[in-house]
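Structure record follows, encoded as structure tokens.
Letters A, B, ... mirror the listed sequences (proteins, then strands); counts begin at 1.
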2 protein chains.
Amino acid sequence: MLQYEGLKERIVARFDEMSPQLQKAARYILENGQEVALISMRELARNAGVQPATMTRLAKFLDLPGYDDIRAQYSQALRSQADGFAARAQARDVDGPSGSGLAHGMVQTLSAQIARLNAPESIARLERVADTLAAAGRIYVLGLRSCHSVAWHFHYVMTLLGEKTVHLDGPAGTGVDGMRRAGPGDVMLVISISPYAKQTLELVGLAREKGMGVVAITDSEVSPLSNVSDEVVICATDSATFFHTLTPALAVSEVLCGLLADRDREAAVRALQEADRHLQSLDIYANEIPKRRF
Amino acid sequence: MLQYEGLKERIVARFDEMSPQLQKAARYILENGQEVALISMRELARNAGVQPATMTRLAKFLDLPGYDDIRAQYSQALRSQADGFAARAQARDVDGPSGSGLAHGMVQTLSAQIARLNAPESIARLERVADTLAAAGRIYVLGLRSCHSVAWHFHYVMTLLGEKTVHLDGPAGTGVDGMRRAGPGDVMLVISISPYAKQTLELVGLAREKGMGVVAITDSEVSPLSNVSDEVVICATDSATFFHTLTPALAVSEVLCGLLADRDREAAVRALQEADRHLQSLDIYANEIPKRRF
DNA sequence: ATATTTTTGAAACAGATGTTGCATAGACTC
DNA sequence: GAGTCTATGCAACATCTGTTTCAAAAATAT
């Protein structure tokens with residue numbers, strides 16, 4: 001573990017001196033440490049989007065004889081981690097849901113809640129919702145108050161893929177205006193959890209009157225949305241805190257995006273490349289990481 | 001873990017039927033499980049005092065196509081173990097490759113990524129960030145583009161607790177204005193993942209110039225935010241899809257909210273009750289579930 | 001603009017990997 | 001004890017590994 005820590009620190013320390021490709025490789029290794037020990041260098045390079053040679057070069061750059069030495073260190077770390085793990089996990093579990101236990105407990109709960117989406121029924125629901133959304137002319141995305149984050153994220157990702165979604169939100173209450181042109185053949189994706197905002201239910205009613213389809217991400221089989229939606233995905237919102245969690249709901253929305261992109265992979269790739277060019281031309285992103293300007 | 005357990009059990013179950021050499025190989029694998037994933041088959045065979053071919057034969061004997069499948073299972077187990085509590089969820093990875101595979105895989109990955117936040121180092125970072133935020137006068141929340149959802153959600157939850165946060169966003173580019181009154185004693189919470197928006201980095205620079213503290217939720221140890229932040233929480237963003245995932249980042253933000261609320265439980269409860277009364281009086285939420293209006 | 005250095009990608013390399021076919025050694029049946 | 005069958009060791013195999021080399025490209029200096 002010591003050596004491993006040393007290596008990781010060395011990578012971080014000398015990161016700024018590296019060439020772009022070396023940084024790309026180093027970054028991937030830092031973020032996916034366990035993989036280093038478990039897969040081949042070539043595969044790692046593939047995943048990192050880098051030439052195999054770059055990994056060797058990274059090793060030399062770090063004053064190591066070769067890549068095998070990188071792997072050796074990560075293997076060693078994994079070995080000792082595997083040994084000591086059970087003990088540490090048990091020790092941690094004991095000290096209850098207070099202090100650092102709270103963070104631990106929340107993370108654990110969230111992980112489990114998301115894992116629960118793997119129930120066959122949930123997967124089936126996700127597929128059906130994705131089907132409906134894929135078949136839709138336009139997708140009108142509605143998520144008010146706490147659900148705004150989920151709605152917006154879904155919309156944002158989908159805009160990278162095309163022009164299919166309309167986000168029903170906007171300054172000065174103009175959000176609703178987006179629905180003017182909606183009609184049969186279009187679908188509303190509505191996200192709402194308890195307590196359910198009245199406006200959400202009203203807008204769903206409006207959608208129905210217009211003959212639109214409705215699919216929902218919500219928190220219960222008996223949510224008011226379940227009654228009025230064609231398809232529903234249920235996700236957990238319980239939390240040890242005073243608040244409801246939206247993390248599982250966000251996970252659902254990301255899975256939906258993934259499924260939709262997967263329906264037409266080439267189109268998705270094309271759209272993303274185009275979006276990329278667009279953002280490049282607008283100079284939105286920092287292409288290279290500024291070197292300690294501050 | 002299921003598969004791994006399954007394999008281990010299968011080895012034990014059929015141990016008696018094996019030929020002496022197969023038993024020798026099997027025994028070594030049972031006793032040195034972690035090694036399987038970390039070294040080559042030939043080396044393993046050497047250590048076990050067995051011919052390389054015997055390992056292949058053991059695999060076939062266990063109705064597996066080849067030795068690689070043995071290693072794959074042990075690798076998976078080790079990966080899960082390293083991820084800690086994701087073990088249960090991730091172990092099923094192997095058996096659902098058809099049809100609903102993508103959704104299943106995505107959910108699995110998300111669950112594991114969040115579970116990885118339970119690493120002691122991550123928990124410690126979360127605590128430190130929570131400390132910094134708790135001590136801050138005001139918290140200025142910044143998340144542009146894809147990170148907007150996380151920033152907004154953090155801000156929204158925090159508004160239920162009081163007036164401590166300012167969300168640096170708004171129509172017509174007015175978001176930045178919020179920072180006018182910020183200064184030393186205040187802290188900026190910035191969320192940004194690769195690719196990093198230029199404006200984000202600029203605003204962080206501005207915050208530093210004003211003498212503010214900076215804490216970040218980002219995707220890498222070597223993110224441009226790491227250099228310029230007092231504390232950083234790292235979360236995974238990889239995904240099987242074309243997009244980066246923000247679910248772990250949202251989880252982080254929710255945990256932070258939880259930790260902050262936990263610092264002063266009574267105040268949190270009071271603030272929430274007040275928020276509740278306020279929303280009640282505005283008649284925002286549906287108090288009873290409308291019964292099939294449609 | 002030119003020259004020089006650095007960085008990158010592609011191909012070639014030797015060596016190691018997991019697998020397979022075959023021959024021999026041993027165990028068992030009759 | 002001959003014949004059959006399985007278990008084992010060995011060597012050849014295609015493939016993949018990590019490394020190196022070399023030329024083109026990009027960045028930097030002149």
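- Going from atom CD1 of A:Ile39 over to atom P of D:dC16 covers 15 Å, rounded to whole Å.
- OP1 or OP2 of D:dT19 has not a single side-chain nitrogen or oxygen of A:Lys60 nearer than 4.0 Å.
- Between the CZ atom of B:Arg71 and the P atom of D:dT17 there is a distance of 10 Å, given to the nearest Å.
- If you find the closest nucleotide of DNA chain D to B:Ala53 and to A:Met41, the one lying nearer the 5' end belongs to B:Ala53.
- Using a 4.0 Å heavy-atom cutoff across all strands shown, A:Lys24 reaches no nucleic acid atom at all.
- The closest donor-acceptor contact from the side chain of B:Ser40 to the backbone of B:Glu43 lies under 3.5 Å.
- If you check every strand for non-hydrogen atoms under 4.0 Å, A:Gln51 touches a base.
- Among C:dT8, D:dG18, C:dT17, the nucleotide with an atom closest to any side-chain atom of A:Ser40 is D:dG18.
- Checked against C:dT17, C:dG9, C:dT19, the side chain of B:Pro52 finds its nearest nucleotide in C:dT19.
- The phosphate of C:dT8 has OP1 or OP2 within less than 4.0 Å of a side-chain N or O from A:Ser19.
- Rounded to a whole Å, the CG atom of A:Leu44 is 12 Å from the P atom of D:dT17.
- In this structure, A:Arg14 satisfies the cation-pi test against A:Phe61, with its NZ or CZ atom closer than 6.0 Å to the six-membered ring centre and inside 45 degrees of the ring normal.
- Rounding to the nearest 0.5 Å gives a distance of 12.5 Å between CG of A:Asp262 and SG of A:Cys257.
- At a cut-off of 3.5 angstrom, counting only N and O atoms as typed in the model, there is a donor on one side and an acceptor on the other between the side-chain of B:Arg57 and the base of D:dG9.
- Taking CD of A:Gln108 as the reference point, atom NE2 of A:His104 lies at 4.0 Å (rounded to 0.5 Å).
- In this structure, the CG atom of A:Leu22 is 10 Å from the C1' atom of C:dT8, given to the nearest Å.
- Between A:Arg46 atom CZ and C:dG9 atom P there is a gap of 16 Å when expressed in whole angstrom units.
- Following rounding to the nearest Å, B:Glu43 (CD) and C:dA16 (C1') show an atom-to-atom distance of 11 Å.
- Using a 4.0 Å heavy-atom distance criterion, A:Thr56 is classed as a base contact.
- Contact annotation: A:Arg42 does not reach the phosphate of D:dT19 (side-chain N/O to OP1 or OP2, under 4.0 Å).
- Note: CE (B:Met55) to P (C:dT20) measures 16 Å, nearest angstrom.
- Rounded to whole Å, atom P of D:dA14 lies 24 Å from atom OH of B:Tyr67.
- Screening B:Arg208, B:Arg125, B:Arg128 against B:Asp230 for a salt bridge (Lys or Arg N to Asp or Glu O under 4.0 Å) leaves a single residue, B:Arg208.
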